[in-house]
Amino acid sequence: MPRFFSNKRLILLLVGVIVLVALISFTLKDRQNATLPEQIVKDVVGFGQSLFSKPAHFLTGTLDKIDGILNTYEENKHLKARLKEYASTQAELADLRADNEKLRQIIGKEESLRDYSPIHATVISRNPDQWEEKIIIDKGEVEGVKLNMAVMTSSGLIGKVVLVTPFRSTVELLSTENRNFRVAVVIPGKESIFGLIEGYDRTRGELIMKRIDSDFDVKEGQLVQSSGLGGIFPKGLVIGEVTEVSTDDFGLTKLAYIRPAADFGMLDHVMVAKRSSVIVSGTDGEVAEEEEGEDGS
């Protein structure tokens with residue numbers, strides 16, 4: 001024992017360990033106020049962190065701003081180019097409309113495949129079991145809605161009316177699995193390419209355009225519109241954009257996958273096209289025997 005206590009270094013080590021354990025246990029307690037040494041340590045460490053973090057944050061923030069400015073500059077250039085293209089397209093469209101009006105006056109033709117009166121409606125119900133196939137809107141016979149009238153959003157065509165009551169209507173969407181649902185469509189260009197929307201690939205989330213003549217060169221990115229020739233859907237309604245082209249099972253014609261312009265999963269406000277031309281029996285491309293005053297009668 002005397003030898004143990006005579007070893008001063010060992011005694012100091014033990015005292016230091018005891019003090020350290022006591023400090024640790026003291027600092028681990030739940031306390032609302034820090035001790036003076038803790039305050040000094042925290043302040044010094046915090047000052048050191050702020051000394052290095054502020055310049056670092058300033059540098060990263062500056063780099064982010066520069067990157068944002070560069071991206072904005074590129075986007076601005078792109079939008080200006082698109083704006084010029086849009087302006088020229090609008091001017092060309094105005095000329096075409098004027099020429100079309102003059103030609104119609106010359107030949108005495110008052111109706112057009114594009115003509116329709118929109119009936120604005122709201123989607124009020126959607127069956128979860130038929131989410132991709134049908135919707136119910138708040139307009140019916142009282143507002144002038146009839147069977148087979150085309151239904152669209154501001155983005156493009158979404159379907160047609162298949163059931164009408166005095167105050168409600170059921171709309172079958174282009175994304176339906178009904179194989180009898182067809183839409184006569186066209187890919188506009190120097191040489192128009194005609195075909196039919198027949199089917200929906202649920203895996204890809206895209207429409208299938210079939211019966212395309214194999215002689216035509218269909219390319220990705222081309223716009224697809226309703227042709228107006230089927231009798232139900234007015235001409236010029238946007239359907240979507242070509243994403244892929246291949247041949248059908250027999251290799252005689254081509255088929256194309258079309259990315260829909262409208263989002264079938266998020267539908268709230270729609271328009272029903274009250275068309276005043278040819279009447280059909282219910283499937284685009286099948287003309288009824290007796291033509292009446294409204295589409296879908």
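- Cation-pi geometry between Lys160 and Phe233 is not met at under 6.0 angstrom from the ring centre and within 45 degrees of the axis.
- Residues Ile193 and Asp213 are not in side-chain contact: their nearest non-hydrogen atoms beyond the backbone lie 4.5 Å or more apart.
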Test Met152 against Tyr116 for side chain to side chain contact (heavy atoms under 4.5 Å, CB included), laying out the working first.
CA-CA 12 Å; Met152 72 202 81; Tyr116 66 88; 3.7 Å; yes

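- Going from atom NZ of Lys274 over to atom NZ of Lys146 covers 7.0 Å, rounded to the nearest 0.5 Å.
- Residues Phe181 and Val162 do not share a hydrophobic cluster, clusters being chains of Ile/Leu/Val/Met/Phe/Trp/Tyr side chains in contact below 4.5 Å.
- Contact record, Gln222 with Asp217: OE1-O, 4.0 Å, taken as the closest heavy-atom pair.
- The shortest non-hydrogen separation linking Glu132 to Tyr200 is OE1-OH, 4.4 Å.
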Please lay out, stage by stage, how Val185 and Phe194 fare under the test side chain to side chain contact (heavy atoms under 4.5 Å, CB included).
CA-CA 6 Å; Val185 297; Phe194 292 91; over 6 Å; no

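- If you take CD1 on Ile158 and CG on Asp263, they are separated by 10.5 Å, rounding to the nearest 0.5 Å.
- The closest side-chain heavy-atom distance from Val242 to Tyr257 is not below 4.5 Å.
- A 6.0 Å sphere centred on CZ of Arg202 holds more than 12 heavy atoms belonging to other residues, nucleotides or ligands.
- Ile119 and Leu267 fall within the same hydrophobic cluster, where Ile, Leu, Val, Met, Phe, Trp and Tyr residues are linked whenever their side-chain heavy atoms come under 4.5 Å apart, directly or through other members.
- Remark: Glu244 CD to Glu220 CD distance equals 7.0 Å, nearest 0.5 Å.
- With hydrogens and angles ignored, the 3.5 Å screen pairs a side-chain donor or acceptor of Lys254 with a backbone N or O of Phe216.
- Considering CG of Leu237 and OG of Ser155, their distance stands at 12.5 Å, rounded to 0.5 Å.
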What donor-acceptor contacts under 3.5 angstrom involve side-chain atoms of residues 134-143, with partners at least two apart or in another chain?
| unit_1 | atom_1 | unit_2 | atom_2 | d |
| --- | --- | --- | --- | --- |
| Asp138 | OD1 | Thr122 | N | 2.8 |
| Lys139 | NZ | His120 | O | 3.4 |
| Glu143 | OE1 | Gly140 | N | 2.9 |

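- Leu252 has its side chain out of reach of Ser214: every pair of non-hydrogen atoms, C-beta onward, lies at least 4.5 Å apart.
- No continuous path of hydrophobic side-chain contacts links Val238 to Ile258 [ILVMFWY only; heavy atoms under 4.5 Å].
- Nearest heavy atoms, Val145 versus Val272: CG1-CG1, 4.3 Å.
- Remark: side-chain polar atoms of Thr243 are not paired, donor with acceptor, to backbone N or O of Arg259 under 3.5 angstrom.
- Across all non-hydrogen atoms, the minimal contact from Pro260 to Leu207 is CG-CG, 4.1 Å.
- Counting only distance, with no hydrogens or angles, the side chain of Ser226 and the backbone of Pro234 share a donor-acceptor pair below 3.5 Å.
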Evaluate the criterion side chain to side chain contact (heavy atoms under 4.5 Å, CB included) for residue pair Val171 and Val270; output intermediate values, then yes/no.
CA-CA 10 Å; Val171 178; Val270 300; 6.0 Å; no

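- Both Leu157 and Val123 are part of a single hydrophobic cluster, where members link through side-chain heavy atoms under 4.5 Å apart.
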Intermediate values then yes/no, side chain to side chain contact (heavy atoms under 4.5 Å, CB included), Ile197 and Met209:
CA-CA 4 Å; Ile197 296 294; Met209 179 179 176; 3.9 Å; yes

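- Residue Arg126 holds its CZ atom at 10.5 Å from CD of Glu133, rounded to the nearest 0.5 Å.
- Hydrophobic clustering (side-chain heavy atoms under 4.5 Å, transitive across Ile, Leu, Val, Met, Phe, Trp, Tyr) groups Val245 together with Ile239.
- The CD atom of Gln225 sits 9.5 Å away from the OG atom of Ser192 when rounded to the nearest 0.5 Å.
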